[in-house]
Engineer: 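First, the structure itself, so that you have it in front of you.
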Amino acid sequence: MRSSTLAVSVAALPGALAWGGFGHITVAYIASNFVSSDTTSYLQTLLRNDTGDYLAGVATWADSARYSKWWRWTGGFHYIDAKDSPPSYCGIDYERDCKKDQGCVVSAMHNYTTRLLDTELSLYERAVAAKFVIHFVGDIHQPLHTEDVERGGNGIHVTFDGANFNLHHVWDTSIAEKLVGGIHRKPYPYAKKWADELTKEIKVGKYSSGSANWLKNTNISDPVSTALAWAIEGNALVCTTVLPEGAEAIRNQELGSDYYEKAAPVVEAQIAKAGYRLAAWLDLIVASLKTRSSSPASTPGDL
Ligand SMILES: *[C@@H]1O[C@H](CO)[C@@H](O)[C@H](O)[C@H]1NC(C)=O
Ligand SMILES: *[C@@H]1O[C@H](CO)[C@@H](O)[C@H](O)[C@H]1NC(C)=O
Ligand SMILES: *[C@@H]1O[C@H](CO)[C@@H](O)[C@H](O)[C@H]1NC(C)=O
């Protein structure tokens with residue numbers, strides 16, 4: 001979501017945020033199901049919330065923030081505009097695609113992971129960093145957050161079950177919400193339910209054999225390579241699933257049936273991956289802080 005007119009519609013329609021808000025909240029709940037108990041207590045303290053909603057409750061903060069005057073400059077952190085040419089060629093070139101002046105989701109993951117690990121920063125700054133990391137792991141997994149074509153699909157008008165949207169919105173919101181049968185203006189309970197179902201699929205269901213591979217490029221010493229690997233994987237889906245026959249083949253078309261049938265499993269898998277990877281990333285951050293625990297300020301409360 002990066003069109004300026006969106007600021008207005010977001011204000012008018014609470015809940016209409018990237019990955020629908022719903023996607024981000026689901027990712028956070030999945031992560032809370034997988035993180036270690038050390039991670040839970042560290043982040044509950046840092047985020048000042050000792051409930052099971054400590055991650056979910058901050059998952060959409062970065063979207064609200066970017067539409068405020070104070071945080072507007074962070075808008076470019078939510079995506080990386082791959083200048084590839086789907087469907088014939090997908091790919092991300094970090095030097096080419098991460099804008100030098102405004103940064104991108106990959107550089108932002110690097111910056112805010114580093115800041116979360118920096119115990120010299122104030123608790124406030126580290127809580128902000130945590131909220132950005134929690135959000136950006138979600139964004140990286142939305143294929144249209146890794147694509148330049150028509151501003152990540154914002155310029156492609158389509159209909160979805162008869163309603164007018166742009167393609168970016170369909171991938172942020174419409175597909176996921178249809179998949180769970182609608183969220184009835186209650187994103188949190190529906191996200192929690194979906195997260196628990198996907199958690200089970202990861203542990204003992206259809207994702208159980210593949211999920212070990214989901215962590216293979218995860219390296220806490222190299223946040224750029226890690227985030228870039230996730231982004232490249234999502235971007236490849238632009239060629240296979242988002243624009244398999246190019247933008248013109250779907251412009252002004254109805255995407256609620258055949259297109260949806262192919263896209264829904266991809267959206268579901270991306271949400272599951274994002275949640276599982278977010279948990280692993282947060283665990284690595286907290287473990288890394290703990291190995292330096294001879295230094296005082298390694299738990300948030302110590303400052
Ligand atoms: C924790 O977060 C949830 C979700 O945002 C919120 O409803 C709840 O009030 C928070 N609890 C505390 C103690 O801050
Ligand atoms: C890193 O984050 C800080 C705090 O939000 C910000 O001031 C700085 O510009 C960021 N740096 C980069 C390179 O994005
Ligand atoms: C992780 O990243 C660091 C820093 O780039 C590198 O030295 C190390 O070899 C990487 N580890 C693995 C397992 O790739």
Side-chain angles (χ1 to χ4, degrees), residues 14-15 17 21-22 24-32 35 40-66 68-80 94-95 97-136 139-140 183 185-193 195 212-230 232 277 280-281 284-285 287-288 291 300-301:
L17 298 163
F22 179 60
H24 281 288
I25 297 164
T26 307
V27 167
Y29 275 129
I30 295 170
S32 15
V35 286
T40 304
S41 53
Y42 185 89
L43 287 170
Q44 283 183 334
T45 306
L46 184 64
L47 297 168
R48 296 174 187 277
N49 191 315
D50 60 4
T51 74
D53 304 324
Y54 67 109
L55 296 180
V58 299
T60 62
W61 172 83
D63 271 333
S64 330
R66 67 188 287 198
S68 72
K69 212 171 170 178
W70 186 253
W71 292 104
R72 186 172 297 156
W73 59 277
T74 61
F77 293 167
H78 294 244
Y79 52 86
I80 181 165
Y94 186 57
E95 291 302 313
D97 299 328
C98 191
K99 296 187 177 74
K100 297 286 173 290
D101 50 339
Q102 65 171 44
C104 67
V105 71
V106 175
S107 63
M109 275 292 289
H110 180 211
N111 190 30
Y112 291 107
T113 296
T114 306
R115 292 175 69 85
L116 190 45
L117 285 163
D118 183 354
T119 50
E120 311 260 288
L121 290 177
S122 68
L123 286 173
Y124 169 78
E125 288 290 354
R126 283 186 275 154
V128 165
K131 291 190 278 188
F132 276 130
V133 167
I134 291 160
H135 187 85
F136 294 149
D139 276 346
I140 289 185
I183 63 166
R185 294 178 179 276
K186 293 195 183 78
Y188 290 90
Y190 284 93
K192 172 103 180 72
K193 181 164 173 283
N213 269 334
W214 292 353
L215 302 183
K216 72 171 187 282
N217 293 314
T218 307
N219 183 348
I220 191 65
S221 307
D222 197 344
V224 168
S225 297
T226 302
L228 194 56
W230 297 343
I232 287 169
R277 285 169 168 168
W281 196 245
L284 286 167
I285 289 169
S288 168
T291 57

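For the single chain, residues carry numbers from 1 onward in sequence order. Numbering of ligands and ligand atoms starts at 1, following listing order.
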Engineer: Taking only heavy atoms of Asp222, which atoms of ligand 3 are found under 4.0 Å from at least one of them?
Structural biologist: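 Taking each heavy atom of Asp222 in turn, ligand 3 has 2 (O), 5 (O) under 4.0 Å.
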Engineer: Less than 3.5 Å apart, which donor and acceptor atoms pair up between the side chains of residues 101-111 and the rest of the protein, not counting sequence neighbours?
Structural biologist:
unit_1 : atom_1 : unit_2 : atom_2 : d
Ser107 : OG     : Cys104 : N      : 2.9
Ser107 : OG     : Cys104 : O      : 3.0

Engineer: Hey, is Phe132 touching ligand 2 through its side chain, its backbone, both or neither, going by heavy atoms under 4.0 Å?
Structural biologist: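 Near ligand 2, Phe132 shows nothing, with every heavy atom at 4.0 Å or more.
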Engineer: Please tabulate protein-ligand N/O pairs under 3.5 Å for ligand 1, atom names and distances to 0.1 Å.
Structural biologist:
unit_1   : atom_1 : unit_2 : atom_2 : d
ligand 1 : 2 (O)  : Asn49  : ND2    : 2.2
ligand 1 : 11 (N) : Asn49  : ND2    : 3.1
ligand 1 : 14 (O) : Asn49  : ND2    : 3.4

Engineer: What I'd like to find out is whether the side chain of Lys100 reaches to under 4.5 Å of the side chain of Glu95, using heavy atoms alone.
Structural biologist: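 Lys100 vs Glu95: side chains touch.
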Engineer: Answer yes or no: is there a side-chain heavy-atom contact under 4.5 Å between Leu215 and Leu284?
Structural biologist: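 Answer no - side chains too far apart.
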Engineer: Using a strict cut-off of 4.0 Å, indicate which atoms of ligand 3 neighbour a heavy atom of Ser221.
Structural biologist: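 Every atom of ligand 3 under 4.0 Å from some heavy atom of Ser221: 2 (O), 3 (C), 4 (C).
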Engineer: Please name the pair of heavy atoms, one in Ile80 and one in Asp97, separated by the smallest distance, quoted to 0.1 Å.
Structural biologist: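 Smallest interatomic distance, heavy atoms only, reads CG1-O, 3.7 Å.
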Engineer: At a 4.0 Å threshold, what atoms of ligand 3 neighbour a non-hydrogen atom of Asn219?
Structural biologist: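 Every atom of ligand 3 under 4.0 Å from some heavy atom of Asn219: 1 (C), 2 (O), 3 (C), 8 (C), 10 (C), 11 (N), 12 (C), 14 (O).
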Engineer: Suppose I only count heavy atoms of Trp73 and a 4.0 Å limit; which atoms of ligand 2 are within that range?
Structural biologist: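 This gives 5 (O), 6 (C) as the contact atoms.
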Engineer: Kindly indicate whether the side chain of Tyr190, heavy atoms from C-beta on, has any atom under 4.5 Å from the side chain of Ile25.
Structural biologist: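 No, too far: nothing below the 4.5 Å cut-off.
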Engineer: Please work out which of the three classes, parallel, tilted or perpendicular, describes the rings of Phe132 and Phe77, given edges at 30° and 60°.
Structural biologist: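 Ring orientation, 0 to 90° scale: perpendicular.
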Engineer: State, with a plain yes or no, whether a side-chain heavy atom of Val27 is found less than 4.5 Å away from one of Ile134.
Structural biologist: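 A side-chain contact is absent here, since even the closest heavy-atom pair is not under 4.5 Å.
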Engineer: Counting each atom of ligand 2 from 1 as listed, which ones have a heavy atom of Phe77 under 4.0 Å away?
Structural biologist: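 Listed by number with element: 14 (O).
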Engineer: Return yes or no for this condition: an N or O of Glu125 is under 3.5 Å from an N or O of ligand 2.
Structural biologist: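 No: no nitrogen or oxygen of Glu125 is under 3.5 Å from one in ligand 2.
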Engineer: Using side-chain heavy atoms (C-beta onward) and a distance below 4.5 Å, is His24 in contact with Asp139?
Structural biologist: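 His24 reaches Asp139 side chain to side chain.
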Engineer: On a heavy-atom basis, which atom in Trp230 and which in Trp214 lie closest, and how many Å separate them?
Structural biologist: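 Scanning both residues, the minimum pair turns out to be NE1-O, 4.4 Å.
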Engineer: Can an N or O of Tyr112 be found at a distance shorter than 3.5 Å from an N or O of ligand 2?
Structural biologist: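 Yes, at least one N or O pair falls under 3.5 Å.
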Engineer: Taking the side chain as C-beta and beyond, is there a heavy-atom pair between Tyr112 and Pro223 under 4.5 Å?
Structural biologist: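 No, side chains not in contact.
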